[in-house]
Amino acid sequence: MTEEKSLNFIEEIVEADLAAGKHKTIATRFPPEPNGYLHLGHAKSICLNFGLALKYGGKTNLRFDDTNPVTEEVEYVENIKQDVQWLGFQWSEELYASDYFPQLYEFAVKLIKKGLAYVDDSTSEEMAEQKGTPTTPGINSLYRNRSIEENLKLFQEMKDGKHVDGSKVLRAKIDMGHVNMLMRDPVLYRIKHAHHHRTGDAWCIYPMYDFAHGQSDSIEQITHSICTLEFVPHRELYNWCIEKLEIYPSRQYEFARLNMTYTMMSKRKLLQLVNENLVSGWDDPRMPTLSGVRRRGYTPEALREFCEKIGVAKRDNLIDIGLLEFCVREQLNKIAERRMVVFDPLKVVITNYPEGKTEWMPTENNTEAENGGIREMPFSRELWIEQEDFMENPPKKYFRLSPGGMVRLKSGFIIKCDEVIKESNGRVAELRCSYIPESRSGHDTSGLHVKGVIHWVSAHHAKEAEVRLYDRLFTTEDMNAIDDDFKNHLNPNSLKVIRKVFAEPELAKSKPGDKFQFLRMGYFCTDQDSTKEKLVFNRTVTLRDSK
RNA sequence: UGUCCCGUGGUGUAAUGGCAACACUGCAGAUUUUGAUUCUGCCUUUCUAGGUUCGAGUCCUAGCGGGACAACCA
């Protein structure tokens with residue numbers, strides 16, 4: 001009865017902690033840096049962090065890791081908040097690392113007083129030299145043995161703006177010979193006379209990640225601080241700070257970030273695509289950003305299901321983008337209303353159908369949905385069908401229209417192709433067909449059995465529209481494995497626009513964000529560029545094709 | 001040639017010392033007024049070598065392979 005769902009390794013840790021009474025309730029946080037838009041990798045993290053709190057009855061804070069004013073902007077803050085909510089999560093508190101600047105400063109003073117931090121005048125080049133390599137130990141800085149009093153005075157001066165950018169840093173005094181390079185006297189504070197999106201010009205020194213993140217977790221009493229694998233070496237420093245500062249012991253756990261085939265998940269590179277106009281913006285439907293996939297027509301439900309399916313573990317992974325598409329189709333199949341749109345039109349004239357007559361044919365909006373309902377489509381003498389659905393010399397397994405052959409017009413009639421009219425160049429210009437009046441959908445007494453069923457649109461009633469067909473942004477499966485410029489791997493055919501397609505009239509009512517399945521053509525959503533005068537649809541994902 | 005993390009079908013993820021399973025993909029077939037959906041079946045798996053144990057994917061050791069680490073980024 002109760003379906004045992006296995007736990008991921010972080011859930012196991014949480015359950016063990018709860019069982020041992022280590023925590024009464026858990027607290028997690030989602031800590032984006034507001035220097036770009038959220039992408040699918042963040043979705044994994046969001047689902048993990050918020051999901052944990054939801055599952056175990058805790059809370060999740062949204063905390064912006066805004067300790068580097070030169071790359072961070074409010075625009076990003078606003079979009080990140082919107083994306084998290086769109087995904088379906090609500091944070092407990094909206095916080096900023098910059099809220100803690102005064103306290104972080106006091107933490108630094110405390111370290112200095114304990115003889116565990118010092119002001120260093122070395123240049124960044126000198127520091128890099130003294131740092132050593134992963135296999136050779138570093139050497140001590142000339143300034144490492146300054147007195148506590150001098151350090152206190154110098155640090156105060158740094159804060160007071162008495163020193164220029166890059167002239168001094170505050171460093172932890174740990175061990176320049178440590179095997180973990182992050183423990184070789186890491187920089188804690190640097191001078192940046194830069195305007196911060198929240199604190200303005202109040203500060204000219206800013207804490208580094210390692211001196212802000214763990215302390216922020218601690219201040220918020222985060223029980224489980226979950227991050228990606230590249231922070232594993234930071235954990236030692238994370239714990240060092242907590243121990244020396246004698247503050248609440250948040251604990252860090254690391255999982256493997258999401259990698260997907262034919263996809264690039266680096267914020268820096270995505271920014272480059274935006275800046276160089278290789279895409280139309282952060283919300284270009286080809287982008288793996290949440291705003292991109294939203295505009296593409298992906299649903300939050302599909303994304304959450306995807307995150308559930310990929311699991312959480314510590315080994316490097318490369319998820320087939322097909323899995324994401326599967327989740328999107330699975331969801332859209334349930335909710336998207338069906339419509340008919342002809343992309344590559346071929347005129348069909350029903351010679352035995354009266355001119356000027358229109359019949360309204362009822363058709364299901366969605367047989368998969370509970371109460372899908374029906375709508376009516378106009379049927380008349382002149383129709384558009386898909387060029388692809390007619391073949392003059394069909395191969396054996398082809399079961400659509402061919403000369404002398406019959407096909408069912410979905411929710412319409414069975415028609416027979418009597419004559420093919422060609423242009424002088426041999427191109428098929430028009431089909432002359434006859435319809436079987438007794439074959440009307442739902443009232444078929446013709447006794448005919450045709451295997452092929454195709455979509456169609458009444459020529460007189462059709463609405464013109466534009467469709468944008470998207471494909472993968474990159475042509476290389478594993479974009480992490482390339483060693484040349486990632487832009488060499490851009491798919492030149494990632495966007496194909498068809499400026500004029502013929503849509504059934506019902507579509508004129510659609511509004512941006514509406515999701516449809518265009519019968520036999522794929523899942524589409526109405527783009528934000530769409531207007532009453534000019535309808536625009538984005539292809540979200542193709543239909544599975546087992547032809 | 002250091003430290004740390006990780007090795008289970010094609011791709012992911014489970015199996016918590018006791019019959020290696022689930023999903024996706026792929027390939028067949030059934031149903032279908034969408035060549036969709038749905039349904040059925042099939043293909044394919046524990047990196048290697050030792051050790052512990054009645055019994056090892058799981059524990060230990062070594063090797064091999066992959067990844068991370070030398071920003072005043074996060």
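Given the structure is predicted, the values throughout are model-derived calculations rather than measurements. Quick note on labels: first sequence line is chain A, next is B, and so on, each numbered from 1.
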- How would you list, by chain and number, every residue that makes a salt bridge (Lys or Arg N to Asp or Glu O under 4.0 Å) with K515(A), sequence neighbours excluded?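 Applying salt bridge (Lys or Arg N to Asp or Glu O under 4.0 Å) to K515(A) gives none.
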- Task: For E230(A), check salt bridge (Lys or Arg N to Asp or Glu O under 4.0 Å) against everything at least two apart and list the hits.
- Result: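 Testing E230(A) for salt bridge (Lys or Arg N to Asp or Glu O under 4.0 Å), a comparison that skips the adjacent residues, returns R257(A).
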- Item | Straight-line distance of H39(A) NE2 to M264(A) CE, nearest 0.5 Å |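 Going from the NE2 atom of H39(A) to the CE atom of M264(A) covers 11.0 Å.
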- Item | Any residue meeting ring-ring contact (aromatic ring centres under 6.0 Å, His included) with H455(A), in chain and number order, not counting sequence neighbours |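 If we apply the ring-ring contact (aromatic ring centres under 6.0 Å, His included) test to H455(A), skipping adjacent residues, there are no hits.
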Looking at [N], I'd like to know if its phosphate oxygens (OP1 or OP2) sit under 4.0 Å from a side-chain N or O belonging to [X].
X	N	value
R235(A)	C5(B)	no
K410(A)	G35(B)	no
R190(A)	A74(B)	yes
T67(A)	A74(B)	yes
R520(A)	G35(B)	yes

Atom [atom1] of [X] and atom [atom2] of [N]: how far apart are they, to the nearest Å?
X	N	atom1	atom2	value
E125(A)	A70(B)	CD	C1'	14 Å
R184(A)	A71(B)	CZ	P	11 Å
K131(A)	U3(B)	NZ	C1'	15 Å
L48(A)	U13(B)	CG	P	13 Å
F399(A)	A36(B)	CZ	P	8 Å
I191(A)	A71(B)	CD1	P	20 Å

Can you sort out the partners of [X] under side-chain hydrogen bond (donor to acceptor under 3.5 Å, both in side chains), two or more places apart, ordered by chain and number?
X	answer
K309(A)	E305(A)
T542(A)	R329(A)
S458(A)	S380(A), H461(A)
Q272(A)	E276(A)

Any base atoms under 4.0 Å from [X], or only sugar-phosphate, or nothing? Heavy atoms, all strands.
X	value
T542(A)	nothing
I414(A)	nothing
E254(A)	nothing

[M] and [N], which share atom name [atom1], separated by this distance in whole Å:
N	M	atom1	result
A30(B)	A36(B)	C1'	16 Å
C59(B)	U53(B)	C1'	10 Å
C47(B)	A56(B)	C1'	16 Å
G66(B)	G35(B)	P	47 Å
A28(B)	U33(B)	P	23 Å
A20(B)	A14(B)	C1'	10 Å

- Task: Would you check if L229(A) and D316(A) make a side-chain contact, meaning some heavy-atom pair closer than 4.5 Å?
- Result: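 Yes; the side chains approach each other to less than 4.5 Å.
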- Item | Side chains of T540(A) and L332(A) in contact at under 4.5 Å (non-hydrogen atoms) |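 T540(A) reaches L332(A) side chain to side chain.
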With respect to the side chain of [X], which nucleotide from [options] is positioned closest?
X	options	value
L543(A)	A36(B), A68(B), G35(B)	A36(B)
T133(A)	C6(B), A70(B), G2(B)	A70(B)
M208(A)	G35(B), U37(B), C73(B)	C73(B)
P233(A)	C69(B), A36(B), G12(B)	C69(B)
N68(A)	U37(B), A74(B), G35(B)	A74(B)
D545(A)	G12(B), G35(B), U34(B)	G35(B)
I310(A)	U34(B), G12(B), U33(B)	G12(B)

- In B/S/- notation, 5' to 3', how is nucleotides 18-27 of chain B contacted by protein heavy atoms closer than 4.0 Å? -----SSS--
- Shortest non-hydrogen separation from V457(A) to A503(A) and the atoms involved: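 Reported closest heavy-atom pair: CG1-O, 3.8 Å.
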- Message: Just to be sure I understand the geometry, which residues of residues 31-40 of chain A put a non-hydrogen atom under 4.0 Å away from RNA chain B?
- Response: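 Per residue number, the list reads E33(A).
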- Task: For RNA chain B, find the residues of residues 166-179 of chain A with a heavy-atom distance under 4.0 Å and give them by number; none if there aren't any.
- Result: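 Of all residues in residues 166-179 of chain A, the ones placing a heavy atom under 4.0 Å from RNA chain B are G166(A), V169(A).
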- Query: Picking from I222(A), L95(A), D65(A), what satisfies side-chain contact (heavy atoms from CB on, under 4.5 Å) with R29(A)?
  - Reply: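 Running side-chain contact (heavy atoms from CB on, under 4.5 Å) over I222(A), L95(A), D65(A) with R29(A) returns exactly one hit, I222(A).
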- Run the side chain to side chain donor-acceptor pair (under 3.5 Å) check on N35(A) and N68(A) step by step: do they pass? CA-CA 9 Å; N35(A) 67 345; N68(A) 186 2; over 6 Å; no
- If each of D316(A) and M181(A) is mapped to the nucleotide of RNA chain B with the nearest heavy atom, which maps nearer the 5' terminus, i.e. the 5' end?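 This one resolves to D316(A).
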- Message: Looking at K410(A) and E364(A), is there a salt bridge between them, counting it only when a charged N and a carboxylate O are closer than 4.0 Å?
- Response: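 Salt bridge present between E364(A) and K410(A).
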- Query: Applying salt bridge (Lys or Arg N to Asp or Glu O under 4.0 Å), which residue pairs with at least one partner in residues 116-125 of chain A are found, sequence neighbours left out?
  - Reply: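 Sorted pair list: D120(A)-R171(A), D121(A)-R146(A), D121(A)-K168(A).
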- For RNA chain B, what dot-bracket results from Watson-Crick or G-U pairs at under 3.5 Å, with [ ] for crossers and | for inter-strand partners? .((((((..((((....[..)))).(((((.......)))))....(((((..]....))))))))))).....
